[in-house]
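Notes follow the structure.
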Amino acid sequence: MSRTKFTVRLPPDLLRQLGDHARAKRVSQTAVVEAALQSFLSPDGPERLEAAFARRLDRMARQYDRLAWNVDLTTETLALFVRLWLIHSVPLPDANAPETKAMGRKRWDGFVQSLMRKMERGTRLGAEISQDVAARAAADKDG
């Protein structure tokens, strides 16, 4: 295959990037420019780019679906807890208000500490629910 010399003027930043890329790939700058031009001028270039975008969008859609499921689970869990707490908690007499407030602050601090530990461990409610359901199903199967 014969080659023709062709001179191109590039901005210094682009020339530096070209050199860095060629060194990193251990190929000549000419080979990098050839590959880039072939890719840019190939008739299936737009289709490849569209396919890459489609794969990325599909992955993002799956991530969004998982996120939406987790948000729904969190919202429903919180709503169920609040409903049950409101139904089952007994109103406190006004006579013990300072002690009750102090105990409430102490319980709140304990809750926040517990939540922080749980978030640091990385365990999530959805995973725990899945494990509980699987364990219960196994126990029902055995029993």
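Leu78 pairs in a side-chain contact (heavy atoms from CB on, under 4.5 Å) with only one of the listed residues (Val82, Thr74, Leu80, Thr75), which is Val82.
Cluster membership check: Ile87 does not share its hydrophobic cluster with Phe81, using side-chain heavy-atom separations under 4.5 Å among Ile, Leu, Val, Met, Phe, Trp and Tyr. When hydrophobic clusters are built by joining Ile, Leu, Val, Met, Phe, Trp and Tyr residues whose side-chain heavy atoms come closer than 4.5 Å, directly or via intermediates, Val90 is not grouped with Leu84.
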Could you go step by step and tell me if Arg3 and Glu34 meet the side-chain contact (heavy atoms from CB on, under 4.5 Å) rule?
CA-CA 11 Å; Arg3 295 186 177 263; Glu34 274 183 39; 2.2 Å; yes
Report the C-alpha separation of Arg16 and Asp20 in whole Å, then their side-chain angles, then the decisive distance to 0.1 Å, and conclude whether the salt bridge (Lys or Arg N to Asp or Glu O under 4.0 Å) test is met.
CA-CA 6 Å; Arg16 182 186 47 74; Asp20 292 346; 3.5 Å; yes
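The CG atom of Leu18 sits 9.0 Å away from the OG atom of Ser28 when rounded to the nearest 0.5 Å. A distance of 5.5 Å separates OG1 of Thr7 from NZ of Lys5, quoted to the nearest 0.5 Å. Taking CZ of Arg9 as the reference point, atom CG of Leu15 lies at 12.5 Å (rounded to 0.5 Å).
Within a 6.0 Å sphere centred on NZ of Lys118, heavy atoms belonging to other residues, nucleotides or ligands number more than 12.
Identified under the ring pair (Phe, Tyr, Trp, His ring centres under 6.0 Å) test for residues 97-140, with sequence neighbours left out: Trp108-Phe111.
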Sequence neighbours left out, cut at 3.5 Å: what donor-acceptor pairs do the side chains of residues 63-71 make with other protein atoms?
{"from": "Asn70", "atom 1": "ND2", "to": "Arg66", "atom 2": "O", "distance (Å)": "3.3"}

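Using a 4.5 Å heavy-atom threshold, the side chains of Phe6 and Thr4 count as separate. When side chains are defined from C-beta on, Leu14 counts as touching Gln17, because their heavy atoms get closer than 4.5 Å.
Between Gly19 and Gln29, the closest heavy-atom pair is CA-NE2, 3.3 Å.
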